[in-house]
Asks: 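Just dropping this structure here.
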There are 2 protein chains.
Amino acid sequence: MSSSRQESLIDRCKHHGLRITGQRRVILEVLDASDDHPDVEELHRRVSAIEPGVNIATVYRTMNKLAEQGLIERHQFDDGRLRYEPAPEEHHDHFINVETGEVIEFRSDEIEDLQEEIARKYGFEIVSHKLELYVRRRKGH
Amino acid sequence: MSSSRQESLIDRCKHHGLRITGQRRVILEVLDASDDHPDVEELHRRVSAIEPGVNIATVYRTMNKLAEQGLIERHQFDDGRLRYEPAPEEHHDHFINVETGEVIEFRSDEIEDLQEEIARKYGFEIVSHKLELYVRRRKGH
DNA sequence: ATTGCAAGTGCAATGCATTCGCATTTATAA
DNA sequence: TTATAAATGCGAATGCATTGCACTTGCAAT
Ligand SMILES: [Mn+2]
Ligand SMILES: [Mn+2]
Ligand SMILES: [Zn+2]
Ligand SMILES: [Zn+2]
(Lines give C-alpha, C1' and ligand atoms only; values in the text may rest on other atoms or scores of the structure.)
(Ligands and ions follow the chains in the order given, each with its own letter.)
Protein backbone atom coordinates (compact mmCIF):
# COMPACT_ATOMS: atom_id res chain seq x y z
CA MET A 1 0.00 0.00 0.00
CA SER A 2 1.03 3.61 -0.05
CA SER A 3 3.24 3.41 3.06
CA SER A 4 5.89 6.12 3.08
CA ARG A 5 7.23 7.09 -0.30
CA GLN A 6 10.28 9.29 -0.54
CA GLU A 7 8.79 11.72 -3.06
CA SER A 8 5.25 12.93 -3.50
CA LEU A 9 3.38 12.10 -6.69
CA ILE A 10 3.14 15.81 -7.43
CA ASP A 11 6.90 16.18 -7.39
CA ARG A 12 7.34 13.07 -9.48
CA CYS A 13 4.87 14.47 -12.02
CA LYS A 14 6.80 17.73 -12.24
CA HIS A 15 10.01 15.82 -12.84
CA HIS A 16 8.26 13.95 -15.63
CA GLY A 17 7.12 17.18 -17.28
CA LEU A 18 3.44 16.78 -16.50
CA ARG A 19 1.52 19.96 -15.86
CA ILE A 20 0.07 20.34 -12.40
CA THR A 21 -3.47 21.52 -12.88
CA GLY A 22 -5.97 22.07 -10.11
CA GLN A 23 -7.67 18.83 -11.01
CA ARG A 24 -4.45 16.86 -11.06
CA ARG A 25 -3.35 18.28 -7.76
CA VAL A 26 -6.45 16.83 -6.13
CA ILE A 27 -6.25 13.52 -8.00
CA LEU A 28 -2.62 13.09 -6.97
CA GLU A 29 -3.40 14.02 -3.41
CA VAL A 30 -6.15 11.38 -3.34
CA LEU A 31 -3.82 8.79 -4.84
CA ASP A 32 -1.09 9.57 -2.34
CA ALA A 33 -3.53 9.28 0.53
CA SER A 34 -4.91 5.93 -0.67
CA ASP A 35 -3.64 2.77 0.85
CA ASP A 36 -5.91 0.51 -1.16
CA HIS A 37 -6.55 -0.21 -4.85
CA PRO A 38 -9.38 2.07 -5.99
CA ASP A 39 -10.96 2.01 -9.42
CA VAL A 40 -11.65 5.15 -11.42
CA GLU A 41 -15.15 5.57 -10.09
CA GLU A 42 -13.93 5.37 -6.51
CA LEU A 43 -11.10 7.80 -7.22
CA HIS A 44 -13.58 10.17 -8.77
CA ARG A 45 -15.76 9.85 -5.69
CA ARG A 46 -12.87 10.72 -3.40
CA VAL A 47 -11.76 13.59 -5.61
CA SER A 48 -15.28 14.97 -5.76
CA ALA A 49 -15.48 14.98 -1.98
CA ILE A 50 -12.55 17.40 -1.95
CA GLU A 51 -13.27 19.36 -5.11
CA PRO A 52 -16.57 18.85 -6.90
CA GLY A 53 -16.75 19.40 -10.64
CA VAL A 54 -13.80 17.33 -11.77
CA ASN A 55 -14.97 15.26 -14.71
CA ILE A 56 -14.51 11.50 -14.58
CA ALA A 57 -12.95 11.60 -18.06
CA THR A 58 -10.19 13.68 -16.54
CA VAL A 59 -9.59 11.00 -13.95
CA TYR A 60 -9.41 8.39 -16.70
CA ARG A 61 -7.00 10.50 -18.73
CA THR A 62 -4.85 11.29 -15.74
CA MET A 63 -4.57 7.67 -14.73
CA ASN A 64 -3.52 6.75 -18.26
CA LYS A 65 -0.93 9.47 -18.30
CA LEU A 66 0.46 8.49 -14.91
CA ALA A 67 0.58 4.83 -15.89
CA GLU A 68 2.42 5.73 -19.11
CA GLN A 69 5.05 7.46 -16.99
CA GLY A 70 5.27 4.55 -14.60
CA LEU A 71 4.12 6.67 -11.67
CA ILE A 72 1.23 4.39 -10.85
CA GLU A 73 0.47 0.70 -11.32
CA ARG A 74 -2.65 -0.58 -12.98
CA HIS A 75 -4.33 -3.83 -11.95
CA GLN A 76 -7.27 -5.73 -13.26
CA PHE A 77 -8.63 -8.23 -10.79
CA ASP A 78 -11.53 -10.55 -11.48
CA ASP A 79 -14.25 -7.92 -11.51
CA GLY A 80 -12.74 -6.58 -14.71
CA ARG A 81 -12.33 -2.96 -13.65
CA LEU A 82 -9.02 -1.16 -13.75
CA ARG A 83 -7.65 -0.38 -10.32
CA TYR A 84 -4.71 1.80 -9.40
CA GLU A 85 -2.06 2.32 -6.80
CA PRO A 86 0.98 4.58 -6.63
CA ALA A 87 4.01 2.75 -8.01
CA PRO A 88 5.45 0.92 -5.01
CA GLU A 89 9.10 1.18 -4.10
CA GLU A 90 9.32 -2.58 -3.98
CA HIS A 91 7.31 -5.00 -6.11
CA HIS A 92 4.55 -6.96 -4.46
CA ASP A 93 1.71 -9.27 -5.42
CA HIS A 94 -1.85 -9.52 -4.13
CA PHE A 95 -4.27 -11.63 -2.22
CA ILE A 96 -7.89 -10.91 -3.05
CA ASN A 97 -10.31 -11.99 -0.34
CA VAL A 98 -13.17 -13.42 -2.36
CA GLU A 99 -15.59 -12.95 0.49
CA THR A 100 -14.89 -9.31 1.27
CA GLY A 101 -13.22 -8.05 -1.89
CA GLU A 102 -10.35 -6.80 0.23
CA VAL A 103 -6.93 -6.68 -1.43
CA ILE A 104 -3.90 -7.59 0.66
CA GLU A 105 -0.32 -7.22 -0.49
CA PHE A 106 2.47 -9.71 -0.06
CA ARG A 107 5.91 -10.38 -1.35
CA SER A 108 7.71 -13.67 -1.82
CA ASP A 109 11.29 -13.60 -3.00
CA GLU A 110 11.16 -17.36 -3.41
CA ILE A 111 8.27 -17.12 -5.85
CA GLU A 112 9.86 -14.24 -7.71
CA ASP A 113 13.07 -16.24 -8.08
CA LEU A 114 11.25 -19.35 -9.24
CA GLN A 115 9.43 -17.34 -11.87
CA GLU A 116 12.74 -16.12 -13.26
CA GLU A 117 14.13 -19.62 -13.15
CA ILE A 118 11.29 -21.25 -15.01
CA ALA A 119 11.18 -18.47 -17.60
CA ARG A 120 14.90 -18.97 -18.21
CA LYS A 121 14.34 -22.70 -18.58
CA TYR A 122 11.91 -21.98 -21.41
CA GLY A 123 14.26 -19.49 -23.07
CA PHE A 124 12.26 -16.44 -22.00
CA GLU A 125 12.98 -13.35 -20.00
CA ILE A 126 10.19 -11.88 -17.92
CA VAL A 127 8.94 -8.44 -18.92
CA SER A 128 6.26 -8.27 -16.25
CA HIS A 129 4.04 -10.63 -14.38
CA LYS A 130 0.81 -10.95 -12.54
CA LEU A 131 0.23 -13.12 -9.49
CA GLU A 132 -3.15 -12.95 -7.82
CA LEU A 133 -4.21 -15.31 -5.06
CA TYR A 134 -7.96 -15.42 -4.54
CA VAL A 135 -8.42 -16.49 -0.97
CA ARG A 136 -10.73 -16.84 1.97
CA ARG A 137 -10.02 -16.75 5.67
CA ARG A 138 -9.17 -20.21 7.07
CA LYS A 139 -11.76 -21.56 9.45
CA GLY A 140 -10.51 -22.61 12.87
CA HIS A 141 -7.33 -20.82 13.90
CA MET B 1 -3.12 -27.18 -24.32
CA SER B 2 -5.85 -29.57 -25.36
CA SER B 3 -3.57 -32.64 -25.51
CA SER B 4 -5.48 -35.87 -25.13
CA ARG B 5 -8.44 -35.69 -22.81
CA GLN B 6 -10.12 -38.87 -21.69
CA GLU B 7 -13.63 -37.74 -22.50
CA SER B 8 -14.91 -35.46 -25.26
CA LEU B 9 -16.54 -32.18 -24.33
CA ILE B 10 -19.74 -33.41 -25.94
CA ASP B 11 -19.88 -36.39 -23.60
CA ARG B 12 -19.05 -34.23 -20.62
CA CYS B 13 -21.87 -31.87 -21.59
CA LYS B 14 -24.33 -34.74 -21.76
CA HIS B 15 -23.27 -35.93 -18.32
CA HIS B 16 -23.89 -32.41 -17.04
CA GLY B 17 -27.38 -32.32 -18.49
CA LEU B 18 -26.65 -29.80 -21.23
CA ARG B 19 -28.56 -30.27 -24.47
CA ILE B 20 -26.51 -31.00 -27.53
CA THR B 21 -27.81 -28.71 -30.22
CA GLY B 22 -26.41 -28.41 -33.71
CA GLN B 23 -24.71 -25.18 -32.75
CA ARG B 24 -23.22 -26.62 -29.58
CA ARG B 25 -21.96 -29.67 -31.37
CA VAL B 26 -19.90 -27.44 -33.64
CA ILE B 27 -18.77 -25.13 -30.83
CA LEU B 28 -17.62 -28.08 -28.73
CA GLU B 29 -15.90 -29.65 -31.68
CA VAL B 30 -14.02 -26.39 -32.27
CA LEU B 31 -13.07 -26.17 -28.60
CA ASP B 32 -11.86 -29.75 -28.52
CA ALA B 33 -9.77 -29.16 -31.60
CA SER B 34 -8.21 -25.97 -30.24
CA ASP B 35 -4.81 -26.12 -28.64
CA ASP B 36 -4.62 -22.41 -27.95
CA HIS B 37 -6.65 -19.84 -26.00
CA PRO B 38 -9.16 -18.31 -28.40
CA ASP B 39 -11.51 -15.48 -27.54
CA VAL B 40 -15.19 -15.52 -28.45
CA GLU B 41 -14.68 -13.77 -31.74
CA GLU B 42 -12.04 -16.26 -32.80
CA LEU B 43 -14.22 -19.18 -31.71
CA HIS B 44 -17.08 -17.74 -33.69
CA ARG B 45 -14.80 -17.44 -36.71
CA ARG B 46 -13.79 -21.08 -36.43
CA VAL B 47 -17.35 -22.22 -35.89
CA SER B 48 -18.55 -20.21 -38.85
CA ALA B 49 -15.98 -21.87 -41.08
CA ILE B 50 -17.64 -25.20 -40.32
CA GLU B 51 -21.23 -24.10 -40.03
CA PRO B 52 -22.19 -20.56 -41.01
CA GLY B 53 -25.15 -18.90 -39.34
CA VAL B 54 -24.34 -19.55 -35.71
CA ASN B 55 -24.89 -16.31 -33.85
CA ILE B 56 -22.05 -14.92 -31.77
CA ALA B 57 -24.45 -14.46 -28.84
CA THR B 58 -24.85 -18.22 -28.85
CA VAL B 59 -21.11 -18.62 -28.55
CA TYR B 60 -21.08 -16.19 -25.63
CA ARG B 61 -23.94 -18.02 -23.92
CA THR B 62 -22.42 -21.41 -24.52
CA MET B 63 -19.07 -20.37 -23.09
CA ASN B 64 -20.77 -19.02 -19.98
CA LYS B 65 -22.72 -22.22 -19.56
CA LEU B 66 -19.65 -24.39 -20.00
CA ALA B 67 -17.64 -22.26 -17.58
CA GLU B 68 -20.44 -22.49 -15.00
CA GLN B 69 -20.19 -26.25 -15.24
CA GLY B 70 -16.43 -26.18 -14.99
CA LEU B 71 -16.01 -27.74 -18.41
CA ILE B 72 -13.86 -24.91 -19.68
CA GLU B 73 -11.53 -22.36 -18.14
CA ARG B 74 -11.80 -18.66 -18.69
CA HIS B 75 -8.78 -16.37 -18.82
CA GLN B 76 -8.36 -12.66 -19.15
CA PHE B 77 -4.88 -11.68 -20.18
CA ASP B 78 -3.72 -8.11 -20.60
CA ASP B 79 -5.72 -7.33 -23.71
CA GLY B 80 -8.85 -7.60 -21.57
CA ARG B 81 -10.78 -10.08 -23.69
CA LEU B 82 -12.10 -13.32 -22.29
CA ARG B 83 -10.29 -16.35 -23.64
CA TYR B 84 -11.16 -20.00 -23.22
CA GLU B 85 -9.68 -23.45 -23.14
CA PRO B 86 -11.13 -26.86 -22.28
CA ALA B 87 -10.65 -27.52 -18.58
CA PRO B 88 -7.21 -29.15 -18.35
CA GLU B 89 -6.69 -32.40 -16.50
CA GLU B 90 -3.86 -30.82 -14.59
CA HIS B 91 -3.59 -27.18 -13.59
CA HIS B 92 -1.11 -25.00 -15.42
CA ASP B 93 -0.16 -21.35 -15.68
CA HIS B 94 0.80 -19.24 -18.67
CA PHE B 95 3.58 -17.37 -20.35
CA ILE B 96 2.37 -14.65 -22.69
CA ASN B 97 4.92 -13.68 -25.31
CA VAL B 98 4.52 -9.92 -25.43
CA GLU B 99 6.06 -9.74 -28.89
CA THR B 100 3.93 -12.36 -30.61
CA GLY B 101 0.92 -12.67 -28.33
CA GLU B 102 1.52 -16.40 -28.17
CA VAL B 103 0.40 -18.16 -24.99
CA ILE B 104 2.58 -20.96 -23.65
CA GLU B 105 1.63 -23.20 -20.77
CA PHE B 106 3.83 -24.30 -17.90
CA ARG B 107 3.53 -25.89 -14.54
CA SER B 108 5.68 -25.41 -11.46
CA ASP B 109 4.91 -27.51 -8.41
CA GLU B 110 7.38 -25.43 -6.43
CA ILE B 111 5.51 -22.23 -7.17
CA GLU B 112 2.16 -23.87 -6.46
CA ASP B 113 3.47 -25.09 -3.11
CA LEU B 114 4.92 -21.72 -2.20
CA GLN B 115 1.60 -20.05 -2.95
CA GLU B 116 -0.13 -22.38 -0.53
CA GLU B 117 2.54 -21.78 2.05
CA ILE B 118 2.41 -18.02 1.94
CA ALA B 119 -1.38 -18.02 1.96
CA ARG B 120 -1.33 -20.21 5.06
CA LYS B 121 1.15 -17.84 6.68
CA TYR B 122 -1.38 -15.02 6.24
CA GLY B 123 -4.24 -17.14 7.57
CA PHE B 124 -5.82 -17.65 4.14
CA GLU B 125 -6.71 -20.62 2.04
CA ILE B 126 -6.48 -20.28 -1.72
CA VAL B 127 -9.72 -20.50 -3.69
CA SER B 128 -8.13 -19.93 -7.06
CA HIS B 129 -5.19 -18.10 -8.46
CA LYS B 130 -3.80 -16.46 -11.53
CA LEU B 131 -0.16 -16.47 -12.54
CA GLU B 132 0.77 -14.89 -15.84
CA LEU B 133 4.34 -14.30 -16.95
CA TYR B 134 4.66 -11.75 -19.73
CA VAL B 135 7.88 -12.62 -21.49
CA ARG B 136 10.06 -12.19 -24.52
CA ARG B 137 12.58 -14.53 -26.11
CA ARG B 138 16.05 -14.18 -24.63
CA LYS B 139 18.59 -12.76 -27.05
CA GLY B 140 21.75 -14.81 -27.59
CA HIS B 141 21.26 -18.48 -26.74
C1' DA C 1 -43.67 -41.99 -33.65
C1' DT C 2 -45.88 -38.03 -31.22
C1' DT C 3 -46.13 -34.62 -27.96
C1' DG C 4 -45.01 -31.12 -24.31
C1' DC C 5 -42.11 -28.04 -22.61
C1' DA C 6 -37.87 -26.40 -20.69
C1' DA C 7 -33.73 -25.18 -22.78
C1' DG C 8 -31.50 -23.03 -26.51
C1' DT C 9 -31.18 -19.69 -30.41
C1' DG C 10 -31.31 -15.38 -33.42
C1' DC C 11 -31.57 -10.78 -33.40
C1' DA C 12 -31.64 -6.39 -31.81
C1' DA C 13 -31.34 -3.71 -27.89
C1' DT C 14 -28.97 -2.80 -23.82
C1' DG C 15 -25.33 -2.33 -20.25
C1' DC C 16 -21.04 -0.84 -18.70
C1' DA C 17 -16.39 0.65 -18.52
C1' DT C 18 -13.47 3.26 -21.10
C1' DT C 19 -12.01 6.29 -24.94
C1' DC C 20 -12.43 10.08 -28.11
C1' DG C 21 -13.66 14.54 -30.79
C1' DC C 22 -13.88 19.06 -30.26
C1' DA C 23 -14.51 23.56 -28.40
C1' DT C 24 -12.69 25.98 -24.43
C1' DT C 25 -9.51 26.81 -20.66
C1' DT C 26 -5.04 26.93 -18.50
C1' DA C 27 -0.10 25.93 -17.06
C1' DT C 28 4.24 27.07 -18.18
C1' DA C 29 8.26 28.74 -20.78
C1' DA C 30 9.92 32.59 -23.25
C1' DT D 1 2.46 39.41 -20.74
C1' DT D 2 1.99 36.44 -24.30
C1' DA D 3 2.12 32.26 -27.20
C1' DT D 4 1.12 27.69 -27.43
C1' DA D 5 0.94 23.00 -26.31
C1' DA D 6 -1.33 20.48 -22.89
C1' DA D 7 -5.31 19.63 -20.22
C1' DT D 8 -10.29 19.78 -19.38
C1' DG D 9 -15.52 19.30 -19.77
C1' DC D 10 -18.96 17.27 -22.00
C1' DG D 11 -21.34 14.34 -24.79
C1' DA D 12 -20.96 10.93 -28.24
C1' DA D 13 -18.76 6.83 -29.63
C1' DT D 14 -16.50 2.49 -28.86
C1' DG D 15 -15.75 -2.39 -27.65
C1' DC D 16 -16.97 -6.30 -25.44
C1' DA D 17 -20.36 -8.73 -23.26
C1' DT D 18 -25.19 -9.56 -21.63
C1' DT D 19 -30.15 -9.74 -22.09
C1' DG D 20 -35.34 -9.55 -23.48
C1' DC D 21 -38.28 -11.62 -26.35
C1' DA D 22 -40.33 -14.30 -29.93
C1' DC D 23 -39.32 -18.46 -32.15
C1' DT D 24 -37.19 -23.13 -32.49
C1' DT D 25 -35.67 -27.56 -30.90
C1' DG D 26 -33.71 -31.44 -28.06
C1' DC D 27 -35.27 -34.93 -25.57
C1' DA D 28 -37.94 -37.38 -21.98
C1' DA D 29 -42.35 -39.21 -21.29
C1' DT D 30 -46.09 -41.11 -23.31
MN1 LIG E 1 -0.72 -3.29 -4.41
MN1 LIG F 1 -3.93 -22.89 -20.79
ZN1 LIG G 1 5.45 -10.81 -8.09
ZN1 LIG H 1 -0.74 -22.07 -10.90
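Chain naming here is simple, since letters A, B, ... match the order of the sequence lines and numbering starts at 1 in each.
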Asks: Quick check on DNA chain C: between Ala57(B) and Leu18(B), whose nearest nucleotide comes earlier from the 5' end?
Replies: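 Result: Leu18(B).
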Asks: Only one of Lys139(B), Arg138(B), Arg136(B) forms a salt bridge (charged side-chain N to carboxylate O under 4.0 Å, His left out) with Glu125(A), so which one is it?
Replies: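 Only match with Glu125(A) under salt bridge (charged side-chain N to carboxylate O under 4.0 Å, His left out): Arg136(B).
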Asks: Below 30° counts as parallel, above 60° as perpendicular, anything between as tilted: where do the rings of His92(A) and His94(A) land?
Replies: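 Ring orientation of His92(A) relative to His94(A): perpendicular.
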Asks: Tell me the interatomic distance from Met63(A), atom CE, to dA17(C), atom P, rounded to whole angstroms.
Replies: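 In whole Å, dA17(C) P lies 16 Å from Met63(A) CE.
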Asks: Under 4.0 Å between a side-chain N/O of Gln23(B) and OP1 or OP2 of dG10(C), yes or no?
Replies: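 Yes, because at least one side-chain N or O of Gln23(B) sits under 4.0 Å from OP1 or OP2 of dG10(C).
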Asks: With a 4.0 Å cut-off on N to O distance, would you call Lys130(A) and Asp78(B) a salt bridge?
Replies: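 The answer is yes: the pair qualifies as a salt bridge.
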Asks: Would one find a side-chain N or O of Arg19(B) under 4.0 angstrom from OP1 or OP2 of dC27(D)?
Replies: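 No, no such contact exists.
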Asks: Any side-chain N or O of Tyr60(B) below 4.0 angstrom from OP1/OP2 of dA17(D)?
Replies: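 Looking at the OP1 and OP2 atoms of dA17(D), one of them is under 4.0 Å from a side-chain N or O of Tyr60(B).
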Asks: Measure CD/Gln76(A) against P/dA17(D) and give the value in whole Å, please.
Replies: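 Result: 11 Å.
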Asks: Determine whether a donor-acceptor pair (one donor, one acceptor, N or O, separation below 3.5 Å) exists between the side chain of Arg61(B) and the base of dG10(C).
Replies: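 Yes, a donor-acceptor pair under 3.5 Å.
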Asks: Between atom CZ in Arg74(A) and atom C1' in dA17(C), what is the gap in whole Å?
Replies: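 Checked: the CZ to C1' distance equals 13 Å.
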Asks: Could you state the atom-to-atom distance from CD of Glu41(B) to P of dG15(D) in whole Å?
Replies: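 In whole Å, dG15(D) P and Glu41(B) CD are 10 Å from each other.
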Asks: If you assign Ile27(A) and Gly80(B) each to the DNA chain D nucleotide with the nearest heavy atom, which residue ends up on the more 5' nucleotide?
Replies: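 The answer here is Ile27(A).
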Asks: More than 12 non-hydrogen atoms from neighbouring residues, nucleotides or ligands closer than 6.0 Å to CD on Glu41(B), yes or no?
Replies: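 No, the 6.0 Å shell around CD holds no more than 12 heavy atoms from other groups.
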Asks: Has Asn64(A) got a side-chain N or O lying under 4.0 Å from the OP1 or OP2 atom of dT19(C)?
Replies: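 Yes, such a contact exists.
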Asks: Do the charged groups of Glu29(B) and Arg25(B) touch, with an N to O distance under 4.0 Å?
Replies: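 Salt bridge: no.
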Asks: In whole angstroms, how far is the P atom of dA7(D) from the CG atom of Leu28(A)?
Replies: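 Distance, rounded to whole Å: 12 Å.
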Asks: Nearest to the side chain of Val40(A), heavy atoms from C-beta on, is which of dT18(C), dG8(C), dG10(C)?
Replies: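 From the listed options, dT18(C) comes nearest.
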Asks: Between Arg81(B) and Arg25(B), name the one whose nearest nucleotide on DNA chain D is closer to the 5' end.
Replies: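 On the 5' side of the pair lies Arg81(B).
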Asks: In whole Å, what is the span from the CD1 atom of Ile56(B) to the P atom of dG15(D)?
Replies: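 About 14 Å, once rounded to whole Å.
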Asks: Phosphate oxygens OP1/OP2 of dT9(C): is one of them under 4.0 Å from a side-chain N or O of Asn55(B)?
Replies: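 So the side chain of Asn55(B) is outside the cut-off, no N or O lying under 4.0 Å from OP1 or OP2 of dT9(C).
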Asks: Whole Å only: how far is the CD atom of Glu68(A) from the P atom of dT19(C)?
Replies: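 Distance, rounded to whole Å: 11 Å.
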Asks: Quick one: Lys65(B) NZ to dA6(C) C1', roughly how many Å, whole number?
Replies: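 My rounded result for the distance is 11 Å.
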Asks: Is the distance from OP1 or OP2 of dT9(C) to the nearest side-chain N or O of Thr21(B) less than 4.0 Å?
Replies: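 Looking at the OP1 and OP2 atoms of dT9(C), one of them is under 4.0 Å from a side-chain N or O of Thr21(B).
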